[in-house]
Chemist: 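Sharing a structure here in structure tokens format.
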Amino acid sequence: MKLVTSILLLAAFAAHAFGADTPSDRFVGYRARVREVLDWRAAQVKPDDPKTAGLPGIAAKLARHEDAAWCSAQVVELMKAPSGDMFWMFPCVSIAYLGRDQLTPEAKAAMRRAWREYMPLRGDTENHWAMYYTSLYLMAELWPNEPGETWFSGKSSAENLAEAKAYLISWMDLATTVGQGEYDCTHYLGEYCIPMLYLATWAKDPEMRQRGRMMLDWILADYAIDTLNGAYVGAHARTDDRQVLEKWNGLSSFFGWLFLDNCPAPAGYGGWGIFFAAAASASDYTLPEVIYRLGTDRAGPYLSREHKRTRHRWRNSDVRNAPVYKQTYVTRDYAVGSDQGGMLQPIQQHSWDVTWAVADPRGVHNTMFSMHPHVSIDEMQMYFTEFPDWMPTLVTLQNKPSYDKEDKLLGGSEFEQVCQDHDTIVALYDIRPGTKYEQVNGFFSKDLVRLEEDASGWIFAQGGNAYLAYRPLAPYEWRPIAAGGKRLVSPHRRNGTILQVAAAHEFASWDAFKAAIRALPLTVALEPKPKVTFKTLRGHTMVCAYGETPQIDGKPVDFAKWPLFESPYLHADVGSRKLRMTHGRLEHVVDFNTLTVTDRVTQP
């Protein structure tokens, strides 16, 4: 009833303010897309070939309330030999809850037996723990008052419930005070959205149900503010070798398609998207109107600043969770985003880029950036507890094949420092002698409209309606990339990149843009440390020296005052546990101090 009332109230306002496309219209569209996902996955199942079903096929069929007897038989079979960790647990939760009134007693008993005899690992990352503890919490609620010998953990239902609840609340406290450790992940966004939707949909405890709903609002707002036509842009704690180039091609775009309806759905609906859709079929959760609006209806360019943190550091650091300072500048034609550089996350960090808008993102590499291809045992030991001897090799066998490659385009570096002012990036590198790869890799897309090396030292390019000026600070050479495009390789330890972006419509011509860039005051020094003094197209003077706090217009960047969220749309202080979302006259406040959500339409 609350959902319906909210939709009707917002519909009345939105119908007046935005025209015919109302929240209730969009809710109908959202539900249709949920059905599309489930219909597609259910259609993949061939009754005479159980391999086509698996846990996703069973979940899809149960969500559609079809073939319950067949689903039950498949559950009995699959529970005979479980395999996997939390990625086995959360699909089981979906099936257990969707099948409460559909599965046979034999199927339910098989699943209960599996959760006694099979021990799934807890994992070692933030998304692993969100999935593990949410799954454990919901199964403990589903099977209450049972002794420890009936659980793989050896703990009773009450003990499992208490442990899981305590972890989830502590994680929510951390995320809403100093930010997520696995912040803005292009794939792992789903591994947070799915368990939070589970809590919002199936938790019996009203507090945990409310926490799940509020955390889902928080995460989706954090995603929407950093999107360009549904594609996740800027810096990420974790992305992958594919999506770092083809910005749309990942699970995060599933949520852009599902909630914002402004990009195509990724292949197979992102894989894990099946389980979000399965839970959504039973849930009354809907995206708050403010989040939809901030993701799709921007009044003009805006700057978003965010405070995040590193994941837990176990050694090689005096700080357990170092702060991460993110900013993203978004226009209708492009977005430029960054963190401050350094070793903020292991393996899959992406520190900065520009992403330009394209009409159809499928197969398009609509981005430009540079990075140091860093490989380090120290990095591994800072963030992982495993023995160091085999970790680099092991990592490459765990879906991170590029980690120890000279030509990689993914990963952070302790020798990189990034400074951003609006649509200008200065990235400096001071690579320690003896480091495995003493070079900088710059990515130049196959989809650039233009690419010109200018006698001034600037490299001019165009992607979509974005004009790009890339200035390497040291000599370089070009090497082809197998997937298309080419790599700028600059084999010098003291190095850097300047990137200035602008919209094509800001200039009378391509030549006018180039002339404007050439005229910008610029001084560069690489010895004894890299240093750049640059007056940007926006008229701001950036002074960036490696190892020193950057200055904008003569003032040091004050990281101590960096907000949890600050933009025209998201507002939160560090430590606040409270996020205020605004768009025009709409306001949506998520307050973890009081566990309340407040919606209102302000007076004109």
Side-chain angles (χ1 to χ4, degrees), residues 33-123 127-128 131-132 134-136 138-139 142-143 150-152 187 190-191 193-195 197-198 201-202 251 254 258 265-283 397-399:
R33 289 188 289 279
V34 168
R35 287 195 300 274
E36 177 184 323
V37 177
L38 298 174
D39 292 349
W40 174 82
R41 187 58 185 88
Q44 308 302 307
V45 177
K46 303 183 188 311
D48 56 348
D49 184 2
K51 292 181 180 178
T52 61
L55 298 176
I58 297 170
K61 282 189 167 289
L62 290 174
R64 287 161 47 92
H65 293 269
E66 65 182 30
D67 298 335
W70 182 88
C71 289
S72 293
Q74 295 306 307
V75 169
V76 170
E77 190 64 28
L78 289 173
M79 291 301 119
K80 290 178 180 176
S83 65
D85 36 38
M86 73 298 302
F87 291 99
W88 170 81
M89 296 171 73
F90 81 81
C92 283
V93 172
S94 172
I95 290 168
Y97 273 84
L98 290 168
R100 281 176 295 182
D101 300 324
Q102 300 184 67
L103 294 175
T104 62
E106 291 76 15
K108 294 178 181 177
M111 184 168 287
R112 184 67 192 90
R113 186 168 54 252
W115 280 65
R116 182 185 72 232
E117 299 175 351
Y118 176 67
M119 176 173 280
L121 296 178
R122 192 185 67 154
N127 75 85
H128 289 172
M131 290 184 288
Y132 177 92
T134 297
S135 298
L136 189 63
L138 289 171
M139 289 308 223
L142 185 66
W143 299 319
T150 66
W151 289 91
F152 69 88
H187 175 81
E191 270 81 310
C193 288
I194 294 169
L197 181 64
Y198 280 14
T201 305
W202 290 318
L251 180 58
F254 167 78
L258 184 67
Y269 301 98
W272 295 124
I274 305 299
F275 291 101
F276 191 92
S281 71
S283 178
L397 300 175
Q398 296 175 337
N399 298 319

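Just so you know, residue 1 is the first one in the sequence shown, and it goes up from there.
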Chemist: Would you say F275 and P91 make side-chain contact, with heavy atoms under 4.5 Å?
Modeler: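 Of all side-chain heavy-atom pairs linking P91 with F275, at least one is under 4.5 Å.
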
Chemist: Decide yes or no for M111 and V75: does some side-chain heavy atom of the first lie under 4.5 Å from some side-chain heavy atom of the second?
Modeler: yes

Chemist: Considering residues at least two apart in sequence or located in another chain, which fulfil the side chain to side chain donor-acceptor pair (under 3.5 Å) criterion with R112?
Modeler: E146, T150

Chemist: Please indicate whether D101 has more than 12 foreign heavy atoms, meaning atoms of other residues, nucleotides or ligands, lying under 6.0 Å from its CG.
Modeler: no

Chemist: Atom CD1 in I95, atom CD in Q102: separation rounded to 0.5 Å?
Modeler: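 Output value for this atom pair is 11.5 Å.
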
Chemist: Can you measure from OG1 (T134) to CE (M86) and round to the nearest 0.5 angstrom?
Modeler: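 Result: 12.0 Å between the selected atoms.
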
Chemist: Ignoring hydrogens, what is the shortest heavy-atom contact between V37 and G273? Give both atom names and the distance.
Modeler: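 In terms of heavy atoms, the two residues are closest at CG1-O, 4.2 Å.
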
Chemist: Ignoring hydrogens, what is the shortest heavy-atom contact between V34 and A277? Give both atom names and the distance.
Modeler: CG1-O, 3.5 Å

Chemist: How long is the straight-line distance from CZ of R122 back to NE2 of H128, given to the nearest 0.5 Å?
Modeler: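 Interatomic distance, H128 NE2 to R122 CZ, rounded to 0.5 Å: 11.5 Å.
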
Chemist: Check whether any side-chain heavy atom of I58 sits under 4.5 Å from a side-chain heavy atom of L78, and report yes or no.
Modeler: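 Answer yes - side chains close enough.
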
Chemist: Which atom names give the shortest non-hydrogen contact between S283 and L197, and what distance separates them?
Modeler: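 S283 and L197 have their closest heavy atoms at OG-CD1, 3.6 Å.
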
Chemist: I'd like to check the side-chain contact (heavy atoms from CB on, under 4.5 Å) partners of P266; sequence neighbours left out, ordered by chain and number.
Modeler: W248, S253, F254

Chemist: Look up atom CG in L138 and atom CE in M89, then write down how far apart they are to the nearest 0.5 Å.
Modeler: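 Reported value, rounded in 0.5 Å steps: 10.0 Å.
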
Chemist: Side chains of R33 and L258: does their closest heavy-atom pair fall under 4.5 Å?
Modeler: yes

Chemist: Checking L98 now: which residues fulfil side-chain contact (heavy atoms from CB on, under 4.5 Å) with it, not counting sequence neighbours?
Modeler: L62, A63, S94, W202, A278, S281, A282

Chemist: Quick one: side-chain contact (heavy atoms from CB on, under 4.5 Å) partners of A42, sequence neighbours excluded?
Modeler: A60, K61, R64, E66

Chemist: With side chains defined as the heavy atoms from C-beta onward, is the minimum distance between L136 and F152 less than 4.5 Å?
Modeler: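 Heavy-atom side-chain distance check passes, below 4.5 Å.
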
Chemist: Side-chain contact, heavy-atom cut-off 4.5 Å: Y97 with L142?
Modeler: yes

Chemist: Does Y118 use its side chain to pair, donor to acceptor, with the backbone of M79 at less than 3.5 Å?
Modeler: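 No; zero donor-acceptor contacts below 3.5 Å.
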
Chemist: With the side chain counted from C-beta on, respond yes when P82 and W115 share a heavy-atom pair under 4.5 Å apart, and no when they do not.
Modeler: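 They are not in side-chain contact.
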
Chemist: Looking only at non-hydrogen atoms, find the nearest pair between K108 and L103 and report the distance.
Modeler: CE-O, 3.5 Å

Chemist: For E77, what residues pass the salt bridge (Lys or Arg N to Asp or Glu O under 4.0 Å) criterion, not counting sequence neighbours?
Modeler: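 Here the qualifying residues are K80.
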
Chemist: Apply side-chain contact (heavy atoms from CB on, under 4.5 Å) to A53 and list each qualifying residue two or more places apart in sequence or on a separate chain.
Modeler: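 In terms of side-chain contact (heavy atoms from CB on, under 4.5 Å), with neighbours along the sequence ignored, A53 is linked to V45, W70.
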
Chemist: I need the Q44 CD to T52 OG1 distance, nearest 0.5 Å.
Modeler: 8.5 Å

Chemist: If you compare all heavy atoms of E191 against all heavy atoms of F87, which two are closest, and at what distance to 0.1 Å?
Modeler: OE2-CE2, 3.6 Å

Chemist: Between G268 and W40, what is the shortest heavy-atom contact and its length?
Modeler: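 Scanning both residues completely, I find the closest heavy atoms to be CA-CH2, 3.6 Å.
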
Chemist: Within the side chain of R116, is there an N or O that forms a donor-acceptor pair under 3.5 Å with the backbone of R113?
Modeler: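 Such a contact is absent between R116 side chain and R113 backbone.
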
Chemist: Do Y269 and F276 have side-chain heavy atoms sitting under 4.5 Å apart?
Modeler: no

